[in-house]
Q: 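Take this structure first; my questions come after.
Just so it is clear: chains get the letters A, B, ... in the order the sequence lines come, proteins before strands, and each one is counted from 1.
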Amino acid sequence: MDIQQAYHLLYRIRYFEETILENFSKGVFYGTTHTYIGQEANAVGVLHHLQQHDIVFSNHRCHGHFLAYGGDMRALLAEMMGKATGVCGGRGGSQHLHWRNFYSNGVQGGILPVATGMALAEKFKQTEALAVVFLGDGTMGEGVTYEALNLASLWGAPVLFVVENNHIAQTTPIELAVAGNIAARFAAFDIQVHELATADLFEILPVAEKCLQTIRSANSPQALILHTQRFGPHSKGDDTRPPEELARLREQHDPIKTLEKRLRLENIELIQAKVQTEVKSALEQALDDPFPNLDKVQSRPG
Amino acid sequence: MPTSTVLEALNASLKRAFADDKRVYLLGEDILDPYGGAFKVARGLSSAYPDRVLTTPISEAGITGVAAGMAIRGLRPVVEIMFGDFITLIADQLVNHIAKFRWMYNEQVRVPMVIRTPMGGRRGYGPTHSQTLEKLFLGVPGIRVLAVCAYGDPGVLLYKSIIESQDPILFIENKLLYLSKIHSEIDLSDFEIETLDRNISWHEVTPAYRLRIRQTPEPVATLVAYGHMAELAREAILQLAYQHEVFVELIIPTQLAPFDLEPVLTSLRSTQRLVVAEEGTRSMGWGAELIAQASQALGPQLNAVRRVAALDLPVPASGPLESAMLPDVEDVIRATMEIV
């Protein structure tokens, strides 16, 4: 991957998420959203080395993962608008996506055993596919997380646990929610841990590649802890952090700015214009898409 | 009849499912031979299929989630939850994951898995090992709840659940039924047993059974009971007939949710009186739902209803206290006599 491609992939997620926040106030989307602004390098870095049959299980903050996986922008926008053309026909909304081998669910912790089971199924079927599951620092609080780590290690599930530690769970800072350290949690289950604190996609790429290679060769789980920062609110307008703190995070941990320093301005502008056209076009198409037929909500007579 | 008890039928059907389909896996606590699970339903499986029988840590939620992942990816896992009381531990997996996937992913996936678990009291196990908790999951869209009974072939019910169903099934096995003989008209010579096997358009449904006492007048009440409660209900209708000359038709469904009311309605159209009996606690339960549905369907045609169930209390360990808390044959007789 060259720097221009990398910048394109990251900026695509960034601009998509900014467009969602901007349009939420216009009432075009249902429900809520959890944007990935600031964490873009994680999804692109981890998923770049996936093979076609590999599985991804994501969480409530899934848009970046979905786009990095190759998911269609218009289908995701349509899903959030509750349209028939949405990823799941409008049934799931922002947090509940399934396309090809990509899945997401909006409840913390419970996706870990499911992803572990998917990985085991592929191992039993001898397909050589693996599973990647994304969790956060907040997920460390759920008990079923540790049941899944134990089972994955005991049974040698080909699964990569990616912890995106953005240091805040909704509004609760990690200091108030996570005792001890995250790496030791994996080590306790004999799961090999890799840890990175970077906003540089090109530092994440080789480590993620190594994790996936190890899983494929050893047929056992691995963990990748990515210390990262979320610049946006948990969902919308619910950020309790002071503006100066957010400004500092954007200054020091922005994966987009990190790449911009290595690009010529004209290239940046070219890529940005291309992405903006793509997102705007996807938004317009999704707005024009039809709502689902109401016969989709019939259950039984009487 | 190749098998004689419910336990033997379930065990044999698991073995048949493993033999017929390599996609079948079993996950559960203490299921390896020679132990074969706390109630021995899995006995013999790990010796025959060591690669597909996974004994697990005490992690009900974890193993249920793992099985869900396996099911989505094309396997047909069976989970054994050692005591039905522990299904509270799998609630998030069942409600927010397993029950949702097919629908919220817009029919793009199926989750064919069976969660088997023993329920019920009358063995003195006390408040946390004797409950009848399936009512917590009745009415959760996306889950079928089945309850084995001592009629028909419990093995076929389990086999079809594992091999043929496209959807997740919570499969309830009452503990006292394990050692019950499977009844036929030969050993229950007082009864006519009819299998009510229907195809309905809106959902898959498993059979119900209808019992009448031979050579008696038309029934004057309809009694509906499932699982082990159906055993007590059968005894009750026998006593009602012979001691009180009150003739009652007993309907025993094997599918609790979604519930197919039609076999009950067919009976009620002539009896106009409904008694529901369940071992679970009384309030907000399965029986209440049946009565609501029947009332709505029949209106003034439904003359009277009674509900027989456990008291709204934890299940006591002491034998006499437990007997007082759980519904028995006398309770069914008394409730029926009140409305005929």
Q: Mind checking whether B:Leu45 and B:Lys15 have side chains closer than 4.5 Å, heavy atoms only?
A: yes

Q: Count the heavy-atom pairs under 4.5 Å between each of A:Leu120, A:Thr127, A:Ile55, A:Thr145 and chain B, then report the option with the highest count.
A: A:Ile55

Q: Is the backbone N or O of A:Leu287 less than 3.5 Å from a side-chain atom of A:Lys83, with the two atoms forming a donor-acceptor pair by type?
A: yes

Q: For B:Ala61, is it the side chain, the backbone, both or neither that has a heavy atom under 4.5 Å from a heavy atom of chain A?
A: both

Q: Mind checking which of residues 91-102 of chain B sit less than 4.5 Å from chain A, heavy atom to heavy atom?
A: B:Asp92, B:Gln93, B:Asn96, B:His97, B:Phe101

Q: When you compare the side chains of B:Thr254 and B:Thr206, does any donor N or O come within less than 3.5 Å of an acceptor on the partner?
A: yes

Q: With a 4.5 Å cut-off on heavy-atom pairs, point out which of A:Pro113, A:Ala121, A:Gly106 contacts chain B the most.
A: A:Pro113

Q: Are B:Met113 and B:Ile72 close enough that some pair of their side-chain heavy atoms sits under 4.5 Å apart?
A: no

Q: Considering only heavy atoms and a distance below 4.5 Å, find which of A:Asn150, A:Leu151, A:Val144, A:Thr116 pairs most often with chain B.
A: A:Leu151

Q: Can you tell which of B:Pro57, B:Ala67, B:Gly62 has the highest number of heavy-atom pairs within less than 4.5 Å of chain A?
A: B:Gly62

Q: Output yes when a side-chain donor or acceptor of B:Glu134 lies under 3.5 Å from a complementary backbone atom of B:Phe137, and no otherwise.
A: no

Q: Between B:Arg52, B:Glu107, B:His203, which shows the greatest number of heavy-atom pairs under 4.5 Å with chain A?
A: B:Glu107

Q: Go through the atoms of B:Thr56 and report whether side chain, backbone, both or neither lie under 4.5 Å from a heavy atom of chain A.
A: both

Q: With A:Phe57, which of A:Phe134, A:Tyr103, A:Phe161 fulfils ring pair (Phe, Tyr, Trp, His ring centres under 6.0 Å)?
A: A:Tyr103

Q: Between A:Ser94 and A:His34, do the side chains contain an N or O donor and an N or O acceptor separated by less than 3.5 Å?
A: no

Q: Please check if the side chain of A:Asn219 supplies one atom and the backbone of A:Gly156 the other of a donor-acceptor pair under 3.5 Å.
A: no

Q: Heavy-atom distance under 4.5 Å between the side chains of A:Arg61 and A:Glu164, does that happen here?
A: no

Q: Determine the option with the most heavy-atom pairs under 4.5 angstrom with chain B, choosing from A:Ala129, A:Gly92, A:Gly110, A:Ala131.
A: A:Gly110

Q: Mind ranking A:Glu122, A:Lys125, A:His98 by heavy-atom pairs under 4.5 Å with chain B and telling me who comes out on top?
A: A:His98

Q: Identify which part of A:Ile111 has an atom lying under 4.5 Å from any heavy atom of chain B, answering side chain, backbone, both or neither.
A: both

Q: Please tell me whether A:Glu79 and A:His96 have a donor and an acceptor in their side chains that are separated by less than 3.5 angstrom.
A: no

Q: Parallel, tilted or perpendicular for A:Phe24 and A:Phe29, by the 30°/60° rule?
A: tilted

